[in-house]
Amino acid sequence: MTVFLLLLVAGLAAILAPASRAADPPGPVPTAVVRPGDTLWSVAERHRPGSQPFAVIEKIRRLNGLEDYTVHAGQRLILPTER
């Protein structure tokens, strides 16, 4: 019975593993280096023109673990992928 359960768990893991990897974006993660005078707003507008800046800013903050809205020149930010 134990062998059956182990095989069942292993089979489920094999089936579910490719599905989780399918959600990963192909290629390198998009990033931006903060320029002198930049704000999250200017980075969001430059990266996703025509998008809702507030939504893009929140995604940038979440991706980079930012607790506030402060960025510094030279800081590298992970950017949200286009969706």
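Sequence positions, counted from 1, serve as the residue numbers for this chain. What's counted below: heavy atoms across the whole structure, side chains too, no hydrogens, waters or symmetry copies.
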Practice task
Show your reasoning for whether side-chain contact (heavy atoms from CB on, under 4.5 Å) applies to Arg46 and Arg35.
Solution key: CA-CA 11 Å; Arg46 187 167 56 244; Arg35 301 174 187 167; 3.6 Å; yes
Fill in the blank from the handout: Checking Val56, Val71, Leu79 against Val43 for side chain to side chain contact (heavy atoms under 4.5 Å, CB included), the one that qualifies is Leu79
Practice task
Specify the closest pair of heavy atoms between Ser42 and Asp38, including all atoms of both residues, with the distance to one decimal.
Solution key: OG-OD1, 3.0 Å
Problem - Counterpart residues, side chain to side chain contact (heavy atoms under 4.5 Å, CB included), relative to Arg61 (two or more places apart) - result: Leu40, Ile57, Glu58, Leu66, Tyr69
Practice task
Please name all residues satisfying side chain to side chain contact (heavy atoms under 4.5 Å, CB included) with Pro53, sequence neighbours left out, ordered by chain then number.
Solution key: Trp41, Glu45
Completion exercise
Heavy-atom nearest pair, Arg76 first then Thr31, reads NH1-OG1, 3.2 Å
Problem - Residues which pass salt bridge (Lys or Arg N to Asp or Glu O under 4.0 Å) with Arg62, listed by chain and number, not counting sequence neighbours - result: none
Practice task
Consider only side-chain heavy atoms of I, L, V, M, F, W and Y, link residues closer than 4.5 Å, and tell whether Phe54 and Leu63 are in one cluster.
Solution key: no
Fill in the blank from the handout: What one should report as the nearest heavy-atom pair of Val34 and Leu77 is CG2-CD1, 3.7 Å
Handout entry: Closest contact, heavy atoms only, Ile60 versus Pro80
Key = CG1-CD, 3.7 Å
Handout entry: Residues which pass side chain to side chain donor-acceptor pair (under 3.5 Å) with Ser51, listed by chain and number, not counting sequence neighbours
Key = none
